[in-house]
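Here's the structure, in structure tokens; my notes come after.
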Amino acid sequence: MLIEISDGAPYGIATGPDGALWFTLVHQGRVGRLVPGAEPVIHQLDPADGGPTVIAPGADGAMWFTEFQGGRVGRITEAGQVTAFEAESPYGITAGPDGAMWFTRTRADKIGRIAADGARTEFEIPVMGGMPSGITAGPDDALWFTLNQGNAIGRIALSGAVTIHELPTEGAAPVGITAGPDGALWFVEIGAGQIGRVDVSGKIIEYPLPDRASRPHAIVAGADGALWFTEWGANRVGRITTEGAIEEYDLPSLGVPAEPHGLTVGPDGAIWVALEAGALARLDR
């Protein structure tokens with residue numbers, strides 16, 4: 001099923017505590033909210049030049065998102081009230097086990113922490129030019145993140161202590177990362193066309209995709225015990241079991257490349273995908 005978003009380019013998507021889908025419109029400076037079966041509600045950001053990217057639910061009942069181009073981290077309530085906090089080049093964002101939001105600062109080689117009241121702390125990453133990108137809470141009360149140009153996966157404790165795990169494949173360029181149902185972290189390698197798994201001890205396994213040029217971008221744990229990921233360069237969504245079995249599904253045609261980016265488990269238990277070409281897709285298996 002496709003829901004077209006008029007004059008919008010969906011990029012990030014997440015399910016909120018309000019039971020709705022929230023998504024960013026990266027080129028229009030907007031954040032949308034959709035209750036499945038209803039019409040989407042679009043909130044215009046001011047200023048509109050921030051390039052809102054990743055969005056995630058916070059422990060405070062609001063949604064938090066990054067504005068990569070505008071250098072801001074935003075917070076939006078169910079009613080659409082927005083609060084913005086300055087933060088250079090933020091990209092990935094997730095709720096931490098401490099109730100704060102943690103985010104990557106891609107151009108600054110830092111991980112940021114922001115509390116609900118806006119109090120911020122920053123931590124240096126010991127990989128110059130590493131480009132921290134995706135970030136997620138792990139099963140070990142720490143945050144795990146990808147280093148897109150550092151070719152590594154990082155772990156940061158709540159104290160700020162950082163551990164780096166280098167990837168076996170050169171030029172893997174990892175982006176999205178999520179906690180899996182097996183107690184490990186799963187990530188996508190956009191440069192190598194692989195799905196990776198790292199356990200909390202740092203052991204890494206990589207699974208090559210059938211199409212190594214498919215450019216996997218984001219990944220999420222599904223309600224079915226498997227991992228789901230977008231293939232940005234191939235107009236597909238993939239599914240990988242914790243044993244490494246891979247299936248792929250073509251996305252509906254929009255007349256142009258769909259450009260799937262973020263994806264999430266919706267309030268209805270289905271996988272929802274943000275298509276930058278101008279739609280949200282619900283996968284029916």
Side-chain angles (χ1 to χ4, degrees), residues 1-15 21-28 30-32 34 36 40 42 51-55 68 91-92 133-134 146 148 169 171-178 180 186-197 206-224 226-241 244-266 268-285:
M1 181 177 71
L2 279 181
I3 297 176
E4 294 192 22
I5 306 298
S6 302
D7 300 321
Y11 186 95
I13 187 169
T15 296
L21 290 157
W22 288 80
F23 54 95
T24 58
L25 299 175
V26 63
H27 301 307
Q28 293 75 32
R30 300 170 182 161
V31 173
L34 173 69
I42 306 298
T53 42
V54 179
I55 189 165
F68 181 75
Y91 180 74
S133 299
T146 56
N148 180 260
T169 302
V175 183
I177 187 169
T178 192
W186 289 74
F187 56 93
V188 289
E189 299 178 356
I190 196 170
Q194 299 185 138
I195 306 301
R197 176 189 186 274
E206 295 171 311
Y207 300 95
L209 296 175
D211 178 4
R212 299 292 291 276
S214 61
R215 309 284 288 173
H217 177 81
I219 188 167
V220 68
D224 57 351
L227 291 302
W228 292 76
F229 55 93
T230 51
E231 295 184 49
W232 175 80
N235 295 328
R236 286 191 299 259
V237 171
R239 176 184 184 270
I240 184 169
T241 67
I246 296 170
E247 298 175 277
E248 296 175 308
Y249 306 91
D250 291 327
L251 289 167
S253 173
L254 293 169
V256 294
E259 295 189 74
H261 286 290
L263 75 172
T264 192
V265 177
D268 53 1
I271 297 293
W272 286 78
V273 189
L275 309 181
E276 195 174 341
L280 302 180
R282 181 187 186 276
L283 300 188
D284 298 304
R285 291 183 72 242

Identify the heavy atoms of [X] and [Y] that sit nearest to each other, and give their distance.
X: Pro216; Y: Ile195; value: CB-CD1, 4.5 Å
X: Trp186; Y: Gly180; value: CD1-CA, 3.8 Å
X: Gly134; Y: Ile177; value: C-CG2, 3.6 Å
X: Ala218; Y: Gly262; value: CB-CA, 4.0 Å
X: Ala277; Y: Pro257; value: CB-O, 3.3 Å
X: Arg30; Y: Pro52; value: O-CG, 3.6 Å

- Query: Do Leu227 and Arg197 have side-chain heavy atoms sitting under 4.5 Å apart?
  - Reply: no
- Message: What I'd like to find out is whether the side chain of Phe23 reaches to under 4.5 Å of the side chain of Ile55, using heavy atoms alone.
- Response: no
- Task: If the plane angle is over 60° it's perpendicular, under 30° parallel, otherwise tilted; pick one for Tyr91 and Phe68.
- Result: perpendicular
Test your reading of the model: is there a side-chain donor-acceptor pair from [X] to the backbone of [Y], 3.5 Å cut-off?
X: Asn235; Y: Leu251; answer: no
X: Thr24; Y: Thr53; answer: yes
X: Arg215; Y: Ala234; answer: no
X: Thr146; Y: Val175; answer: yes
X: Glu4; Y: Gly278; answer: no
X: Thr264; Y: Trp272; answer: no

Separation of [Y] [atom2] from [X] [atom1] (nearest 0.5 Å):
X: Ile246; Y: Leu209; atom1: CD1; atom2: CG; value: 5.0 Å
X: Arg282; Y: Asp268; atom1: CZ; atom2: CG; value: 4.5 Å
X: Ile240; Y: Glu247; atom1: CD1; atom2: CD; value: 11.0 Å
X: Ile13; Y: His261; atom1: CD1; atom2: NE2; value: 13.0 Å
X: Leu34; Y: Ile3; atom1: CG; atom2: CD1; value: 4.5 Å
X: Phe229; Y: Ile271; atom1: CZ; atom2: CD1; value: 11.5 Å

- Message: Please determine whether side-chain contact (heavy atoms from CB on, under 4.5 Å) holds for the pair Gln28 and Ile42, giving the CA-CA distance in whole Å, both sets of side-chain angles, and the decisive distance to 0.1 Å.
- Response: CA-CA 11 Å; Gln28 293 75 32; Ile42 306 298; over 6 Å; no
- Query: Are the aromatic ring centres of His217 and Tyr11 under 6.0 angstrom apart?
  - Reply: yes
- Message: Under the rule for side-chain hydrogen bond (donor to acceptor under 3.5 Å, both in side chains), what residues qualify as partners of Asp250, not counting sequence neighbours?
- Response: none
- Query: Can Glu189 and Thr169 be counted as having a side-chain donor-acceptor contact under 3.5 angstrom?
  - Reply: no
- Kindly determine whether Arg236 and Tyr249 satisfy side-chain contact (heavy atoms from CB on, under 4.5 Å), including the steps that lead there. CA-CA 5 Å; Arg236 286 191 299 259; Tyr249 306 91; over 6 Å; no
- Message: For a side-chain contact (heavy atoms from CB on, under 4.5 Å) check, start with the C-alpha distance between Ile5 and Leu280, then their side-chain angles and the critical distance, and finish with the verdict.
- Response: CA-CA 7 Å; Ile5 306 298; Leu280 302 180; 4.3 Å; yes
